[in-house]
Student: 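Following this message is one structure expressed as structure tokens.
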Amino acid sequence: MSARPLIGVLALQGDVREHARALAANGADVREVRIPEDLLGVQGMVLPGGESTTMSKLLHFQGLFEPLQERLDSGLPVYGSCAGMILLASEILDGRVDQTSFSRIDMSVRRNAFGSQVDSFESDLDMPVCGDMPMPAVFIRAPWVERIGDGVTVLARISTAAGADRIVAVEQGPAMATSFHPELTADVRVHGHFMTIVRRHA
Amino acid sequence: MSSERVQGTNRVKRGMAEMLKGGVIMDVVDAEQAKIAEDAGAVAVMALERVPADIRAQGGVARMSDPHLINGIKAAVSIPVMAKARIGHFVEAQVLQSLQVDYIDESEVLTPADFKHHINKWDFTVPFVCGATNLGEALRRITEGAAMIRSKGEAGTGDVSNAVTHMRTIRGEIAHLKTLAKDELYVAAKELQAPYDLVCEVAELGHLPVVLFTAGGIATPADAALMMQLGADGVFVGSGIFKSGDPAKRAKAIVEATANYMNPDVLARVSEGLGEAMVGINVSDIPVPHRLAERGW
């Protein structure tokens, strides 16, 4: 693998630039992915934050869904934040009936689980895989993980207002996902962890 | 274990708008239209009493939508629901926050409630988007707490020319700021009628500190792509969809055009056979006192 791995960011909609910045800060070359040809040569993919129903539709409109599914199925490392997490789930709760996902992590994810925008919040999390320093996390109409299968590692949890513990960051093989948006903060350790996964799977 | 949660921060409010980038936000008056918008791939819907073209045609005072309609729209779709409040009408905004809409548009399309003051948007947990025709106006709205800016354009006309003017003006004024020496920014702030610190921030960033969408007169896929190429982060479409011959098809075409704004081949394909566009009015035919973009200051 070259010194700077080439990472694609799905650029159909959402906060593409912010992910590109965090990846570049971790030594990646970044390419925006809109059409199947853009996937050639990418060594990892990021599915950004945005509106998961819109991205799911555009993936099909663009003829990008199947080629990306094939690459992911053959082990391409992938990281999804928020909407990206929903796109990686094996089961979507409170989604639209026609909503599709890549099913790369064995988990059930509930959309907008924390509520509407007035319920969106910031909080610091413990995320040991990224070190001892608390991880600043921004949750925006965020999903959470309600069920995980065998082989899925929990990277972070948060307690809800009701006192329950919810899973908000996970990893399975070459795939990882967060409910929150590390790309909206200056802390680039989550993307750093993803680059470790990319290098491990190269 | 986790630390305390903070809601309604700048990062949470502005971050919400970041998630809408590259997307299309569509004006809807009821649940049925909201579903058509969601099916077409809208990133959010904007609830209002009447679309701008009808407000223009029917006249009268245009106000916040009936909460019953807003609740119906919220129940019908899973994408974010925004709603319009009148300029300065902070009680309409309180009502909309209580209804848990995801964003409030303090909009010149509705009849202003206050001809001097805008809403103090820092008082709210819900984020606000506001219209602007130039950089000074955008920065004044951000100073009042707006977490997202859109060009005003001239709503309800189907004439994109004012949206173009506003986007080019904002972009040009930012480019000019970047050329100024630090000591020249004091006068720039005075001329823009905006706070010095915010002017310095924009000069350094080279863009607004919040997301900049476009609105007002966008009626075709090519209009949406034009505005994206002029530097918009995303698109609001008002009357352009539900005043056209085939709303579902046009809505989907505008979504695809916005995502592929740099690709003329896709634009040509999605522009084909969309049926009647909204008839439209030339902005130059509208007497100045009836131009909505003149509202707000």
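Any value given below was found using the heavy atoms of this structure, including those in side chains, with hydrogens, waters and symmetry copies removed.
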Student: Can you tell me how far CZ of Arg5(B) sits from CG of Asp119(A), rounded to the nearest 0.5 angstrom?
Tutor: 9.0 Å
Student: Do Phe121(A) and Glu4(B) come close enough that some side-chain heavy atom pair is under 4.5 Å?
Tutor: no
Student: With only heavy atoms counted, which part of Ala40(B) is less than 4.5 Å from chain A, the side chain, the backbone, both or neither?
Tutor: backbone
Student: So that I can tick it off, tell me whether Arg11(B) and Glu122(A) are bridged by a salt bridge, with the cut-off set at under 4.0 angstrom between side-chain N and carboxylate O.
Tutor: yes
Student: Can you name the one residue among Glu18(A), Glu51(A), His181(A), Arg141(A) that meets side chain to side chain contact (heavy atoms under 4.5 Å, CB included) with Met19(B)?
Tutor: His181(A)
Student: May I ask you to test the Lys57(A)-Val255(B) pair for a side-chain heavy-atom distance under 4.5 Å?
Tutor: no
Student: Nearest heavy-atom pair of Ser120(A) and Val12(B): which atoms, and what distance?
Tutor: CB-CG1, 3.4 Å
Student: So, do Phe61(A) and Lys252(B) sit near enough that their side-chain heavy atoms are less than 4.5 Å apart?
Tutor: yes
Student: Hey, what do you get for CG (Leu20(B)) to OG1 (Thr54(A)), rounding to the nearest 0.5 Å?
Tutor: 9.0 Å
Student: With a cut-off of 6.0 Å (strictly less than), are more than 12 heavy atoms of other residues, nucleotides or ligands near CZ of Phe65(A)?
Tutor: yes
Student: Can we say Asp233(B) and Arg17(A) salt-bridge, meaning some charged N sits less than 4.0 Å from an Asp/Glu carboxylate O?
Tutor: yes
Student: Specify which of Gln97(B), Glu38(B), Lys74(B) makes the most heavy-atom pairs with chain A at under 4.5 Å.
Tutor: Glu38(B)
Student: Under a 4.5 Å cutoff for heavy-atom pairs, which residue among Asp15(A), Asp94(A), Leu58(A), Asp98(A) has the most contacts with chain B?
Tutor: Asp15(A)
Student: Decide yes or no for Glu18(B) and Leu184(A): does some side-chain heavy atom of the first lie under 4.5 Å from some side-chain heavy atom of the second?
Tutor: yes
Student: Within the structure provided, determine whether Gln13(A) and Val43(B) are in side-chain contact (heavy-atom separation under 4.5 Å).
Tutor: yes
Student: Answer yes or no: is there a donor N or O on one side and an acceptor on the other, between the side chain of Asp102(B) and the main chain of Gln117(A), under 3.5 Å?
Tutor: yes
Student: Tell me, for Thr53(A) versus chain B, whether the close heavy atoms (under 4.5 Å) come from the side chain, the backbone, both or neither.
Tutor: side chain
Student: Any idea which heavy atoms bring Leu12(A) and Ala259(B) closest together, and the distance?
Tutor: O-CB, 3.6 Å
Student: Heavy-atom pairs under 4.5 Å with chain A: which of Pro80(B), Ala44(B), Pro127(B) has the most?
Tutor: Pro80(B)
Student: Using non-hydrogen atoms only, which part of Val118(A) is less than 4.5 Å away from chain B: side chain, backbone, both, or neither?
Tutor: both
Student: Please determine whether the number of non-hydrogen atoms from other residues, nucleotides or ligands lying under 6.0 Å from atom CD of Gln229(B) exceeds 12.
Tutor: yes
Student: What part of Phe114(A) lies closer than 4.5 angstrom to a heavy atom of chain B: side chain, backbone, both or neither?
Tutor: side chain
Student: At a 4.5 Å cut-off on heavy atoms, which part of Asp39(B) comes close to chain A: side chain, backbone, both, or neither?
Tutor: both
Student: Is chain B contacted by the side chain of Thr185(A), its backbone, both, or neither, given a heavy-atom distance below 4.5 Å?
Tutor: both
Student: Using a cut-off of under 4.5 Å on heavy-atom pairs, state which of Val266(B), Asn260(B), Val270(B) scores highest against chain A.
Tutor: Asn260(B)
Student: Would you kindly say whether Arg96(A) and Ser78(B) are connected by a side-chain donor-acceptor distance under 3.5 Å?
Tutor: no
Student: Under 4.5 Å between any side-chain heavy atoms of Arg34(A) and Asn263(B), yes or no?
Tutor: no
